[in-house]
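Throughout, protein chains are lettered first and strands after them, A, B, ... in sequence-line order, and every chain is numbered starting at 1.
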There are 2 protein chains.
Amino acid sequence: MRASSKKQDILLLAANLFAERGFEAVSMRDLGKALQMTPANLYHHFTDKEQLYRETLVDVFSRVAQVLPKPAKEERPQSYLEHLVSGIIAFMLRDTVFTRLMFRELSSDNHERTAFFVEKALRPVYDSIAKALSLLIRKSAVTSTLDMLVSSIIGYVNMSRFFSLLHRDASYETDCEAITARIMAGLSLHVASLDMK
Amino acid sequence: MRASSKKQDILLLAANLFAERGFEAVSMRDLGKALQMTPANLYHHFTDKEQLYRETLVDVFSRVAQVLPKPAKEERPQSYLEHLVSGIIAFMLRDTVFTRLMFRELSSDNHERTAFFVEKALRPVYDSIAKALSLLIRKSAVTSTLDMLVSSIIGYVNMSRFFSLLHRDASYETDCEAITARIMAGLSLHVASLDMK
DNA sequence: GACAAGTAAACGATCGTTCGGTAAGTTTCC
DNA sequence: GGAAACTTACCGAACGATCGTTTACTTGTC
């Protein structure tokens, strides 16, 4: 459909602008100018700015669920978990539009949006890791391990922009695989310590 | 001084509003109304909105450096590190104004503010942990361990609001000390694994 | 001819900011 | 000691710009 393609163009550009500047700092005129159309025309496709933003979030946040790898045939749980975590981290570092919008919503105070955002953006990540973890460790330890794991991932993705500024040692370079390796190393130590009990 | 006390009143209230709604969503009229003064009067104390915001950040972010515990006499490095980490986490969970402003700046795109923010809010935390860590593990492992540790802390504080929404198991409750314990457990496993090499 | 996609122009509201003025305190100077 | 000069802290009113949005009208397409 022509219509939905045009709408998709709008959502794609809106995602970039909202990710870069935030909801309040992007005006309908900004969007119109960037799309080479009258701001009035945006109201032909969306009822108002809030709905445009909401649809943008739906559009962007749905990406993460599609990118989560399935376990390969007879893949060991530990190996699958590693693929999952490294896949999530790589996706978040790559898709800066997704990540910036996510962190903006994490800081937002709009309670209506929050619940929606949690289900759309966080839930798929959280549940997929939960499932993978539950094959690996005893059930009673899943939630706390999961929370730590998700915290590490979110924290690392959030902070990654700033580490190079913080390092006194300029030679130290961060890269995605090294991060994942470190997170996974921490996890496997944790798993091992659970086994010993 | 009367003047600086009035200015401090403004900064205190501005911090709350900016933390809650963000820079763009708070108008000078909002501030004026909440302070029961004319917005024009704000320009007697500050040159413009940007400077008011900047001073607010300085004011709020300087809190963290004051709250970092010093090592007690003859305190073991491991024990001091634990105090440090738990102190930082407790502070961040308690001072929601600080934390919200911090995460807003973490998502911001204003490069001028970013460098300033990194030095004021992140640097004290980062360096204090770095120093404590360097007493505990070999130098070459400090940076990577540090980054993971800071990521975990920042990630956990950021996500803590959402875990209760994500948990299928409603009975599971998160509390600050349990979190710290888990982060420290992960760290001591890591330290132990370094020792073994 | 009907319906989608687009425009120009304007609506009232709100934005950051400025201006001219006032009332109260502080300093200076005879 | 007291008038004059100056400073500080505020106000009401307005500035031009921009905001989200609406209205009435045109264009293109099936």
Side-chain angles (χ1 to χ4, degrees), chain A residues 1-60 101 104-105 108-113 116, chain B residues 1-60 101 104-105 108-113 116:
Chain A
M1 295 296 164
R2 178 75 54 84
S4 76
S5 127
K6 192 69 198 172
K7 203 167 173 179
Q8 212 57 35
D9 290 349
I10 298 174
L11 289 177
L12 198 68
L13 189 123
N16 276 277
L17 257 55
F18 284 135
E20 203 177 301
R21 304 183 211 164
F23 178 76
E24 269 92 4
V26 176
S27 73
M28 297 300 266
R29 284 172 178 82
D30 290 338
L31 286 170
K33 183 171 284 183
L35 288 157
Q36 290 174 299
M37 63 169 64
T38 311
N41 191 30
L42 292 168
Y43 289 84
H44 178 71
H45 297 279
F46 305 92
T47 69
D48 58 19
K49 191 188 179 187
E50 174 73 26
Q51 194 230 330
L52 198 170
Y53 184 65
R54 206 68 86 90
E55 283 209 41
T56 302
L57 293 187
V58 173
D59 203 45
V60 172
L101 284 175
R104 286 194 187 280
E105 287 307 301
S108 158
D109 215 36
N110 186 325
H111 290 71
E112 283 183 71
R113 275 189 212 146
F116 153 80
Chain B
M1 297 296 164
R2 179 74 55 84
S4 76
S5 126
K6 193 69 197 172
K7 203 168 173 179
Q8 212 56 36
D9 290 349
I10 297 174
L11 289 177
L12 199 68
L13 189 123
N16 276 278
L17 256 56
F18 284 135
E20 202 176 302
R21 305 182 211 164
F23 178 76
E24 268 92 4
V26 176
S27 73
M28 297 300 265
R29 285 171 178 82
D30 290 338
L31 287 170
K33 184 173 284 184
L35 288 157
Q36 290 174 298
M37 62 169 64
T38 310
N41 191 29
L42 293 168
Y43 287 84
H44 177 70
H45 297 279
F46 306 92
T47 69
D48 57 19
K49 192 188 178 187
E50 174 73 26
Q51 194 229 331
L52 198 170
Y53 184 64
R54 206 69 86 90
E55 283 209 39
T56 302
L57 293 187
V58 174
D59 203 46
V60 172
L101 285 174
R104 287 194 187 279
E105 288 307 301
S108 158
D109 215 36
N110 186 325
H111 291 70
E112 284 183 71
R113 274 188 214 147
F116 153 78

Check: For the side chain to side chain contact (heavy atoms under 4.5 Å, CB included) test, which of A:Leu11, A:Leu17, A:Asp9, A:Ile10 pairs with A:Leu13?
Finding: A:Leu17
Round to the nearest Å and state the distance from [X] atom [atom1] to [N] atom [atom2].
X	N	atom1	atom2	result
B:Tyr43	D:dA9	OH	C1'	17 Å
A:Gln51	D:dG20	CD	C1'	14 Å
A:Leu42	C:dA4	CG	C1'	16 Å
A:Leu35	C:dA5	CG	C1'	14 Å
B:Phe46	D:dC10	CZ	P	12 Å
A:Lys6	D:dT27	NZ	P	19 Å
B:Met37	D:dT8	CE	P	17 Å
B:Asn41	C:dG21	CG	C1'	14 Å

Cation-pi between [X] and [Y]: NZ/CZ under 6.0 Å from ring centre and within 45° of the ring axis?
X	Y	result
B:Arg54	B:Phe116	yes
A:Lys49	A:Tyr43	no
A:Arg113	A:Phe23	yes

Next item on the list: Would you confirm whether B:Thr56, through its side chain, and B:Leu52, through its main-chain N or O, come within 3.5 Å as a donor-acceptor pair?
Entry: yes
Picking from [options], which would you name as closest to the side chain of [X]?
X	options	answer
A:Asp48	C:dT18, D:dA9, D:dT21	D:dT21
A:Ala40	C:dT18, C:dT17, C:dA8	C:dA8
B:His44	D:dT8, C:dT7, D:dC11	D:dT8

Notebook entry, point to check: Looking at residues 14-33 of chain B, who's got a heavy atom less than 4.0 Å off DNA chain C?
Noted result: B:Val26, B:Ser27, B:Met28, B:Arg29
Item checked: Derivation and outcome, side chain to side chain contact (heavy atoms under 4.5 Å, CB included), residues B:Glu55 and B:Glu50 -> CA-CA 9 Å; B:Glu55 283 209 39; B:Glu50 174 73 26; over 6 Å; no
Checklist line | Phosphate contact (D:dT8 OP1 or OP2) by B:His45 side-chain N/O below 4.0 Å | finding: no
Check: Quick one: salt bridge (Lys or Arg N to Asp or Glu O under 4.0 Å) pairs with a partner in residues 11-22 of chain A, sequence neighbours left out?
Finding: A:Arg21-A:Asp30
